[in-house]
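Notes to accompany the following structure.
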Amino acid sequence: MRGLLVFAALLATAASRETFVGNQVLRIVAADEADVEKVKELEELQDLQLDFWQEPGSPEVPIDVRVPFASLQAVKAFLEFNRIRYSILIDDVQMLVDEEATQMIRHHFMPQTLETFNYASYHTLEEIYEFMDLLVEANPNLVSKIQIGNTYEGRPIYVLKFSTGGTKRPAIWLDTGIHSREWITQASGVLFAKKILDGYGQDPSLTSILDKLDIFLEIVTNPDGFAFTHTKNRMWRKTRSVRAGSSCIGVDPNRNWDAGFGGAGSSSNPCSETYRGPFAHSESEVKAIVDFVKSHGNIKAFISIHSYTQLLLYPYGYTRTQAADHQELDQIAKAAVTALSSLYGTSYRYGSIITAIYQASGGTIDWTYNQGIKYSFTFELRDTGRYGFLLPANQIIPTAEETWLALMTIMEYTRDHPY
Amino acid sequence: GPERSRAGQAARVALHYLNYRQGSPSALRALGQVRKATLKAIPGIGHKYYLQFTTEDYKSSNTFYEHRSDVGTCLATVLYLKRKPRPAVNINCTYTKDQKQTREDDYSFYKKMRQQTKSIIGNEIPDNDGNIEPDLEPVWALAVAGSSYIMWEKSTENLGYFMAQVKNVKQWITKDDSTDFDYTVILHEIPTQEMISCHLRVIWIPGHPLKVKYFCLSENQSSESGEGSGIESGSTTGIFNEKEANF
């Protein structure tokens, strides 16, 4: 008791501290009951402001205590005087607190890792671009990022390339987000990228696809529009290009392709949501893909993803003339929607664009098909109209998972039917 | 027969009419599958669709689409007239949902609204991420019922609609028995892809016809307005009293 009073007298009253600067966490090992009693006496001294993380109990069981800076010298002296063993578990609690706060902020605004990225929520352009870099970092042998051009407003347009080697192997192209308000598509694109990364070497079918073909994935096909949906108008569809003679902005990037360009099924009015643009490929977002496809020259399947209404479509949209391969495409589509619906029972219709949906001219897959890319498809993802473009985030993962089964069906078919 | 897309569009028109006439936020229906469709051209009059389709609960918001909640089958005819007004609809449906339950749900929503001393207000329902606050879900559903009138009126063989969002809502506190809401709703128009903003006033008492007034504005079209008192007949009478085709 005397020893305790002496040491208590050494103390300045610990001022109440708002931070944990200099605080330490000590781990005390009481050898016997006498030691335990001594530590309990220490606990009685309120002025020390000790914070026991692990209370004194039986001997041998570690006692953890956070000690404010002002009490450190006294406590250590007391323990040493009484020959009670201790070690320093944490030598600066504030640093730990700071780091945790930083981690929390970073986690909220930027994903740290592919594992902490929230796949069940919608993300901004910056977050998706950050995700793409993390993906490349995770396996640079498999994944690379290519810039294929710039948007009207000067943003870079990126495509992820998944390749196990070779030179200009036959390739599969996937794009999401060409219409910026169709948020389920970019969100699914992020998941497709993750699935390709994780699946190589794990999933036999995907591995065999990647051993023969390359996969190109453009997650944000309309970055200007996408940024606009986050900042100003959630329902923005088109690009953000400006032209003289009209106060209206933007061109429908799915009416701007050189396939039946200018025909029925698109508008000549710049203020229209289906404005075709002043000429085919006027939009840099479209031209970037056109140039890429032409210079690559070996793309065998092209899949462009939209929402909503749950459809799987093949050419043509601009004409009632049936595509030469319509029977084969119809069979592939049938198999793909069967696979899709096997997961949750989600039902899709399928057919040519013009019969299943409506006439549309200047569309992406009509152009790619006419370029000789036989397996050209468009998806319209969930739902059928209850939420439409505003699909709840809790449907992102189920939608991407079921769609992936359809994509695998098409990719497997492409692998097995070279042309 | 008609193209699948046309048949689906016609079925949706029939459901807009049904949802409006039923005036029940808890009993709204969405299109399931079109089972049968035939099309008859009536010279000088228009195109008449004969449809059989399944329906689903509008409000079922399953995370995983394991079992879409089928709530019954409908037989309907939809006559798109060459001249306006609205498509003429005849519709009969089975209903597998517990009607006592939906009446109770409607009534408890109604009671809650009548007990408000401060106006219910809301913005962006659903929000950007598709979320609807549970308390506001019936308010949203009432907007769907009211918007169904607009969508029925505006539909043609070539133009179809979905209700995309309630941009804002404000309740009028009234002394009479009705609940009364002012909405701005956004309609998604197909195939133009336009988003059309409509001001919508809905006056509702459960079990009574819905009263609707609306005014729509679109950048590319002239404005349109209309009023519905909930008792409009769907079909035109007179020379169109033909027997339903066997199909």
Side-chain angles (χ1 to χ4, degrees), chain A residues 120-122 179 181 183-184 187 229-230 233-238 248 252 254-255 265-267 269 271-275 308-311 341 343-347 349-351 353-360 382-399 401-402, chain B residues 2-9 12 15 28-34 54 56-68 124-132 140-141 144 151 158-167 186-197 218-221:
Chain A
S121 107
Y122 292 109
H179 286 142
R181 62 190 181 196
W183 277 16
I184 185 59
T229 59
H230 277 277
N233 181 354
R234 174 65 177 81
M235 296 299 187
W236 191 262
R237 166 185 169 91
K238 302 189 287 183
C248 288
D252 184 342
N254 199 25
R255 300 289 186 281
S266 66
S267 173
N269 179 354
C271 300
S272 165
E273 294 282 19
T274 55
Y275 175 49
Y308 54 97
T309 61
Q310 292 174 203
L311 299 169
S341 115
L343 197 55
Y344 302 118
T346 306
S347 76
R349 283 195 298 112
Y350 59 95
I353 296 167
I354 199 168
T355 61
I357 195 171
Y358 45 68
Q359 184 173 26
R382 290 196 193 182
D383 62 7
T384 54
R386 278 174 191 74
Y387 294 100
F389 301 123
L390 305 178
L391 194 71
N394 63 15
Q395 289 196 43
I396 294 173
I397 295 180
T399 302
E401 292 284 352
E402 68 191 7
Chain B
E3 273 164 1
R4 305 283 298 282
S5 60
R6 298 288 179 152
Q9 204 153 288
R12 247 176 245 116
L15 282 177
L28 290 170
R29 304 206 207 202
L31 179 62
Q33 310 281 344
V34 175
T54 63
E56 296 171 355
D57 195 347
Y58 200 96
K59 286 191 334 179
S60 71
S61 47
N62 318 352
T63 314
F64 294 90
Y65 262 39
E66 250 131 34
H67 295 288
R68 300 306 304 162
E124 314 224 309
I125 312 162
D127 67 16
N128 282 0
D129 299 329
N131 299 314
I132 299 180
W140 169 79
V144 174
M151 297 191 284
N158 299 310
L159 285 175
Y161 297 89
F162 298 93
M163 193 194 89
Q165 191 184 42
V166 170
K167 201 76 182 148
I186 311 290
L187 303 182
H188 178 208
E189 183 179 79
I190 307 283
T192 63
Q193 296 294 338
E194 300 297 329
M195 307 306 285
I196 299 180
S197 183
S218 147
E219 282 182 36
N220 303 311
Q221 300 169 346

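Here is how names work: the chains are called A, B, and so on, in the same order as the sequence lines, proteins then strands, and each is numbered from 1.
Side-chain N or O atoms of B/Glu194 include none that pairs as donor or acceptor with a backbone N or O of A/Ser272 at under 3.5 Å.
Among residues two or more places apart in sequence or in another chain, the salt bridge (Lys or Arg N to Asp or Glu O under 4.0 Å) test is passed with B/Arg12 by none. B/Phe162 pairs by the ring pair (Phe, Tyr, Trp, His ring centres under 6.0 Å) definition with A/Tyr308, not counting sequence neighbours.
For A/Ala356, the part lying near chain B is the backbone, with the side chain staying farther off; criterion is any non-hydrogen pair under 4.5 Å. Interface residue B/Ala30: only side-chain heavy atoms are found under 4.5 Å from chain A. For a residue to count as touching a neighbouring chain, one of its non-hydrogen atoms must lie under 4.5 Å from one of that chain's; by this rule B/Ile190 touches chain A with the side chain only. No part of B/Ile186 comes within reach of chain A, as not one of its non-hydrogen atoms sits under 4.5 angstrom from that chain.
Here the OG1-CG distance, from A/Thr229 to B/Asn128, works out to 8.0 Å after rounding to the nearest 0.5 Å. Going from atom CG of A/Asn394 over to atom CG of B/Asp129 covers 10.5 Å, rounded to the nearest 0.5 Å. Summarising the geometry, atom CD1 belonging to B/Ile132 is positioned 11.5 Å from atom CZ belonging to A/Arg386; distances are rounded to the nearest 0.5 Å. Once rounded to the nearest 0.5 Å, the distance linking CD1 of A/Ile354 with OG of B/Ser5 reads 9.5 Å. Note that CZ of B/Arg4 is 13.5 Å distant from CD1 of A/Ile357, once rounded to the nearest 0.5 Å. Taken to the nearest 0.5 Å, the CE atom of B/Met195 stands 8.0 Å off from the CD atom of A/Glu273.
Closest of all the heavy-atom pairs between A/Pro392 and B/Gly130 is CG-O, 3.5 Å. Taking each heavy atom of B/Asp127 and A/Leu390 in turn, the nearest pair found is O-CD2, 3.9 Å.
Contact annotation: the side chain of B/Gln165 never approaches that of A/Tyr387 to less than 4.5 Å [non-hydrogen atoms, C-beta and beyond].
Donor-acceptor pairing under 3.5 Å is recorded for the side chains of A/Ser347 and B/Gln33. Between A/Arg181 and B/Gln193, the side chains place a donor N or O and an acceptor N or O closer than 3.5 Å (distance only, hydrogens not considered).
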* Which is it for A/Tyr358 and B/Asn158 under the side chain to side chain contact (heavy atoms under 4.5 Å, CB included) test, yes or no, and what are the steps along the way? -> CA-CA 9 Å; A/Tyr358 45 68; B/Asn158 299 310; over 6 Å; no
